[in-house]
Colleague: 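Before I ask anything, here is the structure I am working with.
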Amino acid sequence: MDDQTRMLAGLGGLGGLSQADVGDPDSVRKQQSLGQPQQDIGDILQQIMAITDESLDEAQARKHALNCHRMKPALFSVLCEIKEKTVLSIRGVQEEDPPDPQIMRLDNMLLAEGVSGPEKGGGSAAAAAAAAAAGGSPNDGSIEHSDYRAKLAQIRQIYHSELEKYEQACSEFTNHVMNLLREQSRTRPISPKEIERMVAIIHRKFSSIQMQLKQSTCEAVMILRSRFLDARRKRRNFNKQATEVLNEYFYSHLSNPYPSEEAKEELAKKCGITVSQVSNWFGNKRIRYKKNIGKFQEEANLYAVKTAVDAANVSAQASQANSPATPNSEEKIQTISSD
DNA sequence: TGCTATGATTTACC
DNA sequence: GGTAAATCATAGCA
């Protein structure tokens, strides 16, 4: 059974028009002359099928006549219904697509990096996280931090402007297609559902372009991040005073050169570096000292002397402080208790 | 420019 | 999670 015959068979409910009636033009004309309502439909269909054999002018005139025919809306409604049933049975399953996991991943990443979603300081959280991961000094962090934020803001701006362009193009194309289909629905049966389906197809096509945009934005953020981290990686020697403070602690605790967390914090504060830098320094120092004690002997002696001198100075100050004019702590306790 | 010193990172171990 | 050991990468100097 071909398409036309199938469609005509489906029209059985509309006035009891039989396939034989429709298939035979003579029979249609005969019935038309009898004034039966089904003859109208048969005639219309016959004219539709014959339209391709006619000249353009004839066809236009015929089209106009058909458009104005009183039975046209009913016929199109039935044709739409049949079309809907056949199309839905084929495509219905494909339409309920779950959200694309890749798009979801990209969305989550762009949101976490502060590129999409509400603006929250141009991704300062990400910058701070990157800085923390690098364990960089708090002193030089601000310049690179603001640089990172500026670059991220630039990416964000490009992303949003491209997204806007994409949405505009998508909506323009959708409107164009919808208008076209509405226009065509005057001459061929197109249901609103079919238009909706077409819109969904267009959106699916455009979403693949959107995914490419999201993907390239993610790549740009990744490159920026790695560059930012690489920049933090650049080594800068600690200043002389900081190295001296660290060495003093190291050589005065040579039997156990493992500063506690509190000591590390204290040293970090004194040297103007981070606790993790203090840990790195002690880690490097321990292993390098152990590997080549001979080389570090001179340095060790130097700091031993320095420590001894400092200790002597402290004790001299203490003994001065403990002179009869000022009572020592034991005497203080006694004084307090006697009160 | 090559060498050494040194801060940072990585990997494995406890 | 802290540390040892190896390694990387760069600053600084002759």
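These numbers come from a predicted model, not from an experiment. Just so it is clear: chains get the letters A, B, ... in the order the sequence lines come, proteins before strands, and each one is counted from 1.
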Colleague: What's A:Phe238 touching, base or sugar-phosphate or nothing? Going by heavy atoms closer than 4.0 Å.
Modeller: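 Sugar-phosphate: the residue A:Phe238, judged by heavy atoms under 4.0 Å, touches backbone atoms but no base.
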Colleague: From CZ of A:Arg286 over to C1' of C:dA5, roughly how many Å is that when rounded to an integer?
Modeller: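 About 12 Å, once rounded to whole Å.
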Colleague: Please determine if a side-chain N or O atom of A:Lys291 lies less than 4.0 Å away from the OP1 or OP2 oxygen of C:dA6.
Modeller: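 For C:dA6, OP1 or OP2 has a side-chain N or O of A:Lys291 closer than 4.0 Å.
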Colleague: Whole-Å distance between B:dT6 P and A:Leu246 CG?
Modeller: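 Roughly 12 Å, once rounded to whole Å.
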Colleague: Between A:Ser207 and A:Gln210, is there a donor-acceptor pair closer than 3.5 Å when you use the side chain of the first and the backbone of the second?
Modeller: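 No.
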Colleague: So, do A:Phe296 and A:Tyr251 have ring centers that fall under 6.0 Å from each other?
Modeller: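 No - the distance between ring centres of A:Phe296 and A:Tyr251 does not fall below the 6.0 Å cut-off.
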Colleague: State whether A:Arg236 places a side-chain N or O below 4.0 Å from either non-bridging phosphate oxygen (OP1 or OP2) of C:dT10.
Modeller: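 Answer is no, no contact under 4.0 Å.
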Colleague: Give the nucleotide from the list C:dA4, B:dG7, B:dT9 with an atom nearest to the side chain of A:Tyr258.
Modeller: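 Of C:dA4, B:dG7, B:dT9, C:dA4 is nearest to the side chain of A:Tyr258.
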Colleague: Pick the closest DNA chain C nucleotide for A:Asn284 and for A:Pro259 by heavy atoms, then say which residue is nearer the 5' end.
Modeller: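 That would be A:Pro259.
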Colleague: Think A:Lys295 has a side-chain N or O under 4.0 angstrom from the OP1 or OP2 of B:dT4?
Modeller: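 No, because none of the side-chain N or O atoms of A:Lys295 sits under 4.0 Å from OP1 or OP2 of B:dT4.
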Colleague: Between A:Glu266 and A:Lys269, does at least one N-O distance fall below 4.0 Å, as a salt bridge requires?
Modeller: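 Looking at A:Glu266 and A:Lys269, the cut-off is not met.
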Colleague: Could you tell me which non-hydrogen atom of A:Phe206 sits nearest to which non-hydrogen atom of A:Tyr166, and how far apart they are?
Modeller: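 Looks like O-CE1, 3.0 Å.
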Colleague: Please figure out whether A:Asn237 or A:Lys264 has its closest DNA chain C nucleotide nearer the 5' end.
Modeller: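 Result of the comparison: A:Lys264.
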Colleague: Counting just side-chain N and O atoms, does A:Gln277 come under 4.0 Å of either OP1 or OP2 of B:dG7?
Modeller: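 Checking B:dG7 against A:Gln277, no side-chain N or O comes under 4.0 Å of OP1 or OP2.
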Colleague: Can you find a side chain N or O atom of A:Lys285 that sits less than 4.0 Å from OP1 or OP2 on B:dT6?
Modeller: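 Checking B:dT6 against A:Lys285, no side-chain N or O comes under 4.0 Å of OP1 or OP2.
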